[in-house]
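Labels below follow one simple rule: chain letters A, B, ... track the order of the sequence lines, proteins then strands, and each chain is numbered from 1.
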Protein chains: 2
Amino acid sequence: MEISYTEENYLKAIFKISEQDGKPASTNAISSEMNTSAASVTDMIKRLSDKTLIHYERYRGVTLTKRGEQIATHLIRKHRLWEVFLVDKLHFSWDEVHEIAEQLEHIKSQRLVERLDEYLAFPKFDPHGDPIPDADGNFAIRKQALLMDFQPGEQGIVVGVQDHSTTFLQYLDRMELVLGTPVELLEYFEYDESMRILINQKREQVLSKKVCQNLFIQKR
Amino acid sequence: MEISYTEENYLKAIFKISEQDGKPASTNAISSEMNTSAASVTDMIKRLSDKTLIHYERYRGVTLTKRGEQIATHLIRKHRLWEVFLVDKLHFSWDEVHEIAEQLEHIKSQRLVERLDEYLAFPKFDPHGDPIPDADGNFAIRKQALLMDFQPGEQGIVVGVQDHSTTFLQYLDRMELVLGTPVELLEYFEYDESMRILINQKREQVLSKKVCQNLFIQKR
DNA sequence: ACTATTTTTTAGACTAACTTAAAAATATAT
DNA sequence: ATATATTTTTAAGTTAGTCTAAAAAATAGT
Ligand SMILES: [Mn+2]
Ligand SMILES: [Mn+2]
Ligand SMILES: [Mn+2]
Ligand SMILES: [Mn+2]
C-alpha cells in the first residue's frame with residue numbers, strides 16, 4: 001500500500017510525541033506538531049487507521065501499530081543518515097542540515113539507504129548526537145545525562161542536544177561546545193541555577209540554566 | 001511563488017518535448033510524456049500560464065517562459081548531478097539511477113546543489129553522457145554522432161546513449177561498450193543495416209541497426 | 001453532582017490534481 | 001469545399017489534504 005509524503009510526516013509526528021510523553025498521542029498534540037488544525041488531524045487519523053498504521057479509539061489518542069512504527073523509525077533512520085552525509089561529506093554545519101533532511105527522508109529506495117549507510121561507514125549517531133536506528137528500527141542506547149543534573153567535580157563529554165534550534169546550535173559552536181568536547185562541572189550557582197564549567201580542560205565558562213537543561217553529557 | 005512537485009514535472013516534460021521536436025509542446029505530447037489525460041494537461045496549462053511559467057495560446061501548444069525554462073534546466077541539473085553522485089560515490093550502475101534521481105531532483109536547497117556539484121568535482125556530463133547544465137542553465141556542447149551515421153574506417157569513443165532504457169544500458173554493459181570505450185566501424189551490412197565494429201582495439205562485434213541508432217560516438 | 005473548561009469530532013467548504021465523456025476547434029483527405 | 005478524423009477544451013465529478021465553525025464528549029473544579 002502506498003504511503004504519501006503527508007502520511008509519513010504524521011507517522012513521524014505520532015512517534016515523536018509517544019516517545020516524549022510515553023502515552024498515546026492526542027489529537028491536539030499532533031495538530032500542534034504538524035501545524036495543522038485538530039479537524040485535519042481527526043481526518044488523517046481515520047485514513048491512517050484504515051491503513052492499519054495506527055491504533056485508534058475516539059477521544060483516546062493514537063498509538064502506532066508495528067507497521068506504523070516501522071515506517072516511522074525508517075524515516076528517522078533516513079533523516080539522520082542524510083544529516084550525517086550533509087555534515088561529513090558536504091561540510092554543512094550542524095545547524096543547517098535539518099531542513100534539507102526533512103525532504104531527503106522521503107526519498108524511496110531501499111537500496112539507496114543501504115548504500116548511503118555503508119558509504120558513511122555505518123554511523124550510530126547523527127550530527128546532533130541522536131541515535132540512528134538500524135534497519136530493524138533498533139536505537140543504540142547511551143548512558144547520558146543533562147548537564148543540569150551533574151554534581152560539582154563530575155566530568156564527561158558532550159554527546160548531544162535536547163534543543164535542536166539553530167540559535168542553540170550556533171551558540172554551542174561559539175562556546176566551542178561541539179560534540180566530543182570534554183567538560184567538567186566546577187560550580188553550581190543556586191541564585192540563577194547557572195553553572196561554571198571547564199571546557200576542554202582549559203577554558204572556564206559560566207552557562208545559563210537554559211543551556212544546562214539542553215546539553216547531554218556522557219559521564220566518565 | 002511556490003512551485004509544486006507536479007508543476008516541476010510538467011515544466012521538465014515541456015522542456016524535453018520542445019527540445020526534441022523544436023516546436024511548441026502539444027497537449028497530447030505532454031499528456032503522453034506525463035502519463036495523464038489530455039484534460040489534466042489543459043488544466044495544468046492554465047495553472048502554469050497563470051504563474052507565467054509558460055506561454056500559452058489555446059490549440060497552439062505551449063513554450064516555456066524564461067523563468068519556466070530556468071526552473072526546468074535547474075531540475076535537469078539536479079537530476080544529473082544526483083545521478084553522478086549515485087554512480088561515482090554510491091557505486092550504483094548506470095541503469096539503476098534514473099528512478100532515484102527523479103525523486104532527488106525535487107529537493108529544494110540552493111546550497112545543497114552547489115555543495116554537491118563541488119563534491120563531485122564539477123562534472124560536465126552525467127553517467128549516461130548527457131550534459132549537466134551550469135547554474136545559469138547552459139549546456140556543454142560536444143560534437144557527437146550516432147554510430148549509425150559513421151562510415152567504415154571511422155573511429156571514435158562512446159560518449160552517450162539516445163535510449164536510456166534499462167535493457168539497453170545492460171546490453172551495453174554486457175558488450176563492454178561503456179562510456180569512454182574506443183570503437184572503430186569496420187563494415188556496414190546493407191542487408192539488415194547492422195554494423196561490424198572493433199571494440200577497444202581488440203574485440204570484433206556485430207551490432208544491430210537498433211543499437212547503432214542509439215549510441216553516440218565522438219569522432220577522432 | 002453539577003457546572004465550566006478543554007478536547008475532540010462532525011459538518012460543510014475549499015484547492016490541487018486527477019478522471020471520463022461530450023463538445024468544439026483544427027487539421028487532413030478526397 | 002466539404003466530410004472525416006484528430007486534437008484540444010469544457011463539463012462534471014473524484015480524492016487527498018486542508019480549513020473554520022459548531023456540536024459533542026471528556027475532564028476538572030467547586
Ligand atoms: Mn533533524
Ligand atoms: Mn539530527
Ligand atoms: Mn535520468
Ligand atoms: Mn542521465
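Atom CG of Leu48(B) and atom P of dA16(C) are 12 Å apart (whole Å). Whole-Å rounding puts the Asp50(A) CG to dG17(D) P distance at 12 Å. Glu2(B) has its CD atom 18 Å from the P atom of dG17(D), to the nearest Å. dT7(C) atom P lies 14 Å from atom CD1 of Ile17(A), rounded to whole Å. The CG-P distance, from Leu11(B) to dA17(C), rounds to 11 Å in whole Å. Nucleotide dA17(C) holds its C1' atom 18 Å from the OH atom of Tyr5(A), rounded to whole Å. Asn28(B) places its CG atom 13 Å from the P atom of dA27(C), with the value rounded to the nearest Å. Separating the CE atom of Met34(B) from the P atom of dC18(C) is a distance of 6 Å, rounded to the nearest angstrom.
Using a cut-off of 4.0 Å between Lys/Arg side-chain N and Asp/Glu carboxylate O, Asp50(B) and Lys46(B) are scored as not salt-bridged. The pair Lys12(B)-Glu33(B) does not meet the salt-bridge criterion, since no charged nitrogen lies less than 4.0 angstrom from a carboxylate oxygen. Between Asp163(A) and Lys210(A), none of the side-chain N atoms (NZ, or NE/NH1/NH2) sits under 4.0 Å from a carboxylate O, so this pair counts as no salt bridge. Between Lys78(A) and Glu8(A) there is no salt bridge, since none of the side-chain N atoms of the basic residue sits less than 4.0 Å from a carboxylate O of the acidic one.
Considering only side-chain atoms of Arg58(A), the nucleotide from dT9(C), dT8(D), dT10(D) that sits closest is dT9(C). The side chain of Thr6(B) sits closest to dC18(C) out of dG17(D), dC18(C), dA21(D). Residue Tyr10(A) places its side chain closer to dT18(D) than to any other of dA17(C), dA21(D), dT18(D). With distances taken from any side-chain atom of Tyr59(A) to the nucleotides dA24(D), dC19(D), dT9(D), the minimum falls on dA24(D). When distances run from any side-chain atom of Arg47(A) to the nucleotides dT8(D), dT9(C), dT18(D), the shortest one goes to dT18(D). The side chain of Ser37(B) lies closest to dT19(C) when the candidates are dC19(D), dT19(C), dC18(C). Checking dG17(D), dT8(D), dC18(C) against the side-chain heavy atoms of Asp43(B) singles out dC18(C) as nearest. You'll find that the side chain of Met44(B) is closest to dA17(C), out of dT10(D), dA17(C), dT10(C). Among dA26(D), dT10(D), dT26(C), the nucleotide with an atom closest to any side-chain atom of Thr42(B) is dT10(D).
Taking the six-membered ring where tryptophan is involved, the planes of Phe85(A) and Trp82(B) are tilted, since the angle between them lies from 30° to 60°.
When heavy atoms are screened at a 4.0 angstrom cut-off, Ser40(A) is found touching base atoms of the nucleic acid. Here Tyr56(A) lies in heavy-atom contact (under 4.0 Å) with sugar-phosphate atoms only.
Along DNA chain D, the nucleotide nearest Ile45(B) and the nucleotide nearest Arg60(A) are compared for position; the residue whose nucleotide lies closer to the 5' end is Ile45(B).
Test Glu105(A), Gln103(A), His106(A) against His79(A) for side chain to side chain contact (heavy atoms under 4.5 Å, CB included) and you get one pass: Glu105(A).
Here Lys46(A) reaches the OP1 or OP2 of dT10(C): one of its side-chain N or O atoms lies under 4.0 Å away.
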